[in-house]
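Only a predicted model underlies this, so the values are computations on that prediction, with no experimental measurement involved. These numbers come from the heavy atoms of this one structure, side chains and all, not from hydrogens, waters or symmetry mates. When a ligand or atom number is given, it counts from 1 through the structure's own listing order.
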Amino acid sequence: MAALKHIVGSVAVITIRNPPVNALSPQVQVSLMEVLKDVTLDPSVKAIVLCGENGKFSGGADIRTFSKTDPKTDIKRMSLDDVNSVAERSRKPVVAAVEGVALGGGLELALACHYRIAHVKARVGLTEVLLGLLPGAGGTQRLPRLIGVPAALDMITTGKIVPAPVAVKLGIVDSVTEGSAVEEAIHLAQKVVGQPLESRRICSKPIQCPPNVDSLLNDAKVKLKKQFRGAESHQVCVEAIRAAVQLPFAEGIVKERELFLSLFNSDQAKACQYAFFAERSVAKWTTPSGANWKSASPQTIRTAAVIGLGTMGQGIAVSLAKAQIQVIAVEQDEQQLEKGSKAVTAILERETLKKQQFELAHKSDSFGSVTFTLDFNALKNADLVIEAVYENMALKKEIFQRLSSICKPGAFLCTNTSGLDIDEIASVTDRPHLVIGTHFFSPAHLMKLLEVVRGYHSSSTIISTVMNLSKVLNKVGVVVDNCPLFVGNRLLLPYINQAVFLLEDGRTPEEVDQVLEEFGYAMGPFRMSDLAGLDIGWRSRMEFGLTGPKLLPGAPVRQREGKRYSPLPDILCEEGRFGQKSGKGWYQYETVGGRNAARDPWVHNFLHEYRRAHAIKQKNVSQGEILEWCLYPLINEGFKVLEDGIASGPEDIDVIYNNGYGWPRHKGGPMFYASMIGLPRVLVKLEEFYKNNPDIPSLKPSNLLKALVKQGSPPLKEWRSQLGYPNSRL
Ligand SMILES: CCCCCCC[C@H](O)CC(=O)SCCNC(=O)CCNC(=O)[C@H](O)C(C)(C)COP(=O)([O-])OP(=O)([O-])OC[C@H]1O[C@@H](n2cnc3c(N)ncnc32)[C@H](O)[C@@H]1OP(=O)([O-])[O-]
Ligand SMILES: NC(=O)c1ccc[n+]([C@@H]2O[C@H](COP(=O)([O-])OP(=O)(O)OC[C@H]3O[C@@H](n4cnc5c(N)ncnc54)[C@H](O)[C@@H]3O)[C@@H](O)[C@H]2O)c1
């Protein structure tokens with residue numbers, strides 16, 4: 001039985017049981033229905049409590065079963081909605097005891113109960129939109145009736161998960177308890193036996209609409225369209241809420257079902273669900289030597305240090321402090337220390353205020369303290385150190401040598417380098433096995449991705465410690481191998497180069513960005529480069545002798561070692577155009593550090609003159625070709641990364657892109673996208689591009705891509721078996 005019953009006095013306690021998260025699989029739904037009907041008819045039962053086994057109410061419908069569900073027959077035959085309806089219509093009071101999580105269908109079930117008691121640490125949300133769906137078991141009809149349209153709109157269209165104290169404030173749950181929610185629910189159930197239930201049935205509540213509800217919904221659609229470019233589910237969620245506003249409850253449920261089915265089998269829903277499981281699968285890391293997440297034992301980090309309080313160091317310090325880790329922040333320069341400490345303190349103060357507004361400032365949740373210092377000796381007590389100084393190998397080596405002598409034995413030494421050799425950095429220490437790359441993304445306190453770069457000597461303990469830390473920091477850690485630029489930036493390089501070549505060939509930054517933004521990227525390549533800072537790549541190219549003083553005399557302007565090269569980004573930097581930080585880059589900004597990109601006539605004029613000076617003929621390129629020209633080399637590099645064993649599977653690359661590079665989640669990630677459009681299509685286009693541009697090696701199709709096409713393009717979950725790594729779990 002997936003739903004167990006036991007009787008306490010006159011209260012029947014029904015426990016949902018489907019480990020690990022008590023997902024509401026079709027079997028659980030059938031079982032719940034049977035038990036509910038049974039206790040409803042049992043005259044000795046006067047009230048009912050619904051809870052989940054092992055302190056978790058329910059993680060919602062069982063996503064694992066979706067790919068095997070035929071929406072035309074299976075959902076119509078039996079659905080969670082019927083279970084909810086039986087619970088809500090029951091003449092005996094039904095109380096939900098929410099512990100752990102009540103998400104998606106789990107919360108929808110709780111909303112169908114007459115009362116909801118939550119444990120103070122529980123979390124609730126209608127997260128379906130993140131899976132490319134909408135709440136399909138009455139959530140879009142009940143939540144607006146319970147908490148009002150604006151608050152429900154926010155929760156349903158963003159998939160926001162709120163902690164129990166916030167849920168009480170919003171009116172989603174009736175009360176919270178620090179003790180057992182089940183005990184409390186039994187107590188309440190006994191108390192309310194015999195009391196009228198009509199006012200407790202959300203389906204009977206009139207919907208409270210603000211006077212401007214139509215414009216509220218329309219504005220939400222415009223905002224969501226911009227925020228989640230090209231994603232359908234957010235838009236359809238708004239339509240389901242509109243149905244709640246306009247229709248009686250029963251008709252609203254029918255409309256909700258119709259809209260749910262329109263999303264259920266869509267490519268976008270498949271992509272989002274793939275992304276969900278991919279994130280879980282990368283947590284189960286394994287290395288070619290056989291070390292893996294199961295066998296290694298992570299160590300708890302209580303005190304961590306950050307070296308360098310610039311852009312990245314500040315965000316990393318905030319991230320650590322928010323996770324209640326004591327932080328020591330070390331700088332070289334007094335002014336920068338003051339600037340950095342002010343920035344870190346300001347962010348943490350804002351976060352504290354946010355918490356207090358929601359009365360969440362429980363003692364145990366307070367932030368870790370941050371100590372700011374110029375004294376490197378303060379590092380001697382740190383369990384783990386993250387270096388975030390300038391991207392310069394000599395400087396990083398000098399720092400790691402110092403760390404060797406200062407840090408306690410066993411302290412983990414991490415570098416936030418964007419792409420330098422981890423082994424070379426580790427080689428100057430007394431503990432290469434305790435050195436690893438922790439590649440955070442900017443802004444580090446907000447971005448979800450942590451690329452964990454394994455050096456040749458990195459031990460399984462340091463890998464598992466840092467992967468565990470990523471979870472503590474509420475980030476997604478992905479283990480990759482050490483190679484220049486690692487995985488994310490290695491794929492980014494050909495993408496950016498291709499975009500710049502388009503400028504040489506006659507396109508503008510605005511045109512290229514528009515195509516990639518319509519595809520779903522939060523920002524096109526030029527707006528993104530301006531945000532990240534054009535000087536970062538410039539300094540790295542100077543270090544590699546591609547430009548600047550180390551460039552060999554006589555090198556052709558538009559070629560390096562026989563390969564096509566565009567000096568355009570270098571020239572911009574030489575002009576002091578570093579992007580947002582200098583108020584100008586590929587675009588112009590209202591101020592230094594401004595965020596609003598505007599067309600810059602200087603750039604257009606400069607591009608025109610550049611093409612004229614180099615006698616470059618303008619090429620006519622369609623929007624579709626711009627997209628393929630930029631994305632296929634990125635995907636191709638993904639295949640090369642797999643071939644080289646730098647990432648252990650396509651899911652790892654996709655998780656990196658979804659969480660660190662603004663790839664639209666509803667397109668699953670670059671490798672998933674390739675599998676959806678078809679590998680033969682990608683191969684044919686790359687072959688054509690390479691034939692016409694033999695001086696761009698990143699267009700040369702990878703051997704793995706060719707091999708997969710030769711085998712008839714097997715589905716993505718089978719690609720790993722081509723690589724000699726353990727099979728994907730997806
Ligand atoms: C069919 C038609 C139905 C029509 C009615 C519609 C109903 C409804 O509107 C639709 C839904 O509810 S849509 C659903 C809406 N619900 C959501 O969007 C919630 C999605 N889930 C989450 O957000 C997180 O997993 C939790 C916060 C629940 C736990 O986080 P944590 O503690 O960090 O743990 P973790 O590592 O994340 O997961 C542990 C294991 O559980 C697994 N698993 C988890 N949820 C699952 C599910 N629903 N299912 C299956 N499996 C699920 C997960 O894969 C992993 O498995 P592994 O084999 O060990 O790798
Ligand atoms: N900026 C990004 O988007 C980004 C993203 C990922 C990784 N990274 C990497 O993170 C690192 C830091 O980048 P950033 O953008 O924060 O640089 P930044 O220039 O903003 O900050 C570097 C800081 O390091 C300090 N510093 C320099 N030498 C030091 C020393 N000997 N001891 C103590 N502090 C010292 C500087 O005073 C400065 O405050 C680099 O390796 C970079 O490649 C940057």
Side-chain angles (χ1 to χ4, degrees), residues 18-26 29 56 58-66 68-71 74-75 78-81 83-84 100-109 123 125-140 159 161 256-257 260-261 264 269 272-273 276-277 279-281 283-284 306-316 329-333 335-337 339-340 374 376 386-392 395-396 398-399 402 415-420 437-444 447 451 471 488-489 531-533 535-536 539-540 581 660 729:
N18 186 16
V21 298
N22 298 323
L24 302 165
S25 64
Q29 293 176 32
K56 287 174 195 155
S58 170
D62 194 332
I63 311 163
R64 287 166 302 192
T65 64
F66 285 1
K68 296 165 213 139
T69 303
D70 178 353
D74 298 347
I75 298 178
M78 163 70 200
S79 85
L80 185 57
D81 219 18
V83 178
N84 291 348
V101 286
L103 299 179
L107 179 57
E108 291 177 292
L109 176 60
R123 296 176 300 141
L126 291 177
T127 43
E128 289 89 341
V129 71
L130 304 175
L131 298 168
L133 300 172
L134 56 79
T140 63
I161 296 177
E256 180 194 80
R257 171 56 46 95
F260 180 83
L261 291 177
F264 190 69
C272 292
Q273 287 155 33
F276 174 83
F277 285 116
E279 265 166 36
R280 268 87 203 148
S281 86
K284 298 179 169 118
V306 180
I307 308 180
L309 264 190
T311 313
M312 295 307 290
Q314 292 169 15
I316 297 169
V330 184
E331 249 295 335
Q332 59 163 357
D333 152 308
Q335 248 185 348
Q336 192 56 30
L337 182 74
K339 196 171 149 202
L374 294 171
F376 262 67
I386 302 173
E387 164 278 309
V389 304
Y390 306 126
E391 186 76 340
N392 176 300
L395 174 63
K396 300 221 185 236
E398 184 194 316
I399 296 219
R402 272 178 96 182
T415 170
N416 188 48
T417 172
S418 311
L420 297 178
T438 46
H439 186 201
F440 289 79
F441 288 73
S442 179
M447 293 295 284
E451 215 178 6
K471 232 182 161 177
N489 286 343
L531 171 72
D535 54 320
I536 297 178
R539 283 183 217 288
S540 144
K581 63 172 83 163
R729 299 184 64 258

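Residue I536 holds the heavy atom nearest to atom 1 (N) of ligand 2 of all those in I316, V306, L337, I536. The heavy atom nearest to atom 59 (O) of ligand 1, considering only K284, Q273, K471, is found in K284. Taking all heavy atoms of R64, R280, E128 into account, the minimum distance to atom 10 (C) of ligand 1 is reached by E128. Within the set N392, V389, N416, L531, the minimum heavy-atom distance to atom 40 (C) of ligand 2 is found for V389.
Heavy-atom contacts of L131 reach the following atoms of ligand 1: 13 (S), 14 (C), 15 (C), 18 (O) (cutoff under 4.0 Å). Remark: ligand 1 atoms within the under-4.0 Å shell around heavy atoms of E108 are 7 (C), 8 (C), 9 (O). In the vicinity of P135, heavy-atom distances shorter than 4.0 Å reach the ligand 1 atoms 9 (O).
Ion pair E387/K396 flagged as a salt bridge, since at least one NZ, NE, NH1 or NH2 atom sits closer than 4.0 Å to an Asp/Glu carboxylate oxygen.
Distances from ligand 2 to the non-hydrogen atoms of F441 include no value under 4.0 Å. Between H439 and ligand 2 there is a heavy-atom distance shorter than 4.0 Å.
Within a 4.0 Å radius of atom 31 (N) of ligand 2, the protein has at least one heavy atom.
The shortest N/O to N/O separation between T311 and ligand 2 falls below 3.5 Å. Considering backbone and side-chain atoms alike, F440 places every N or O at 3.5 Å or more from each N or O of ligand 2. Residue A61 has at least one nitrogen or oxygen atom sitting less than 3.5 Å from a nitrogen or oxygen atom of ligand 1, judged on distance alone.
The proximity of T415 to ligand 2, defined as any non-hydrogen pair under 4.0 Å, does not occur for either the backbone or the side chain. With a 4.0 Å heavy-atom cut-off, ligand 2 is reached by the side chain of K396 but not by its N, CA, C or O. Neither the backbone nor the side chain of D333 has any atom closer than 4.0 Å to an atom of ligand 2 (non-hydrogen atoms only). Counting heavy atoms closer than 4.0 Å to ligand 2, residue E331 contributes atoms from both its backbone and its side chain. Contacts with ligand 1 closer than 4.0 Å are made by no heavy atom of K56, backbone or side chain.
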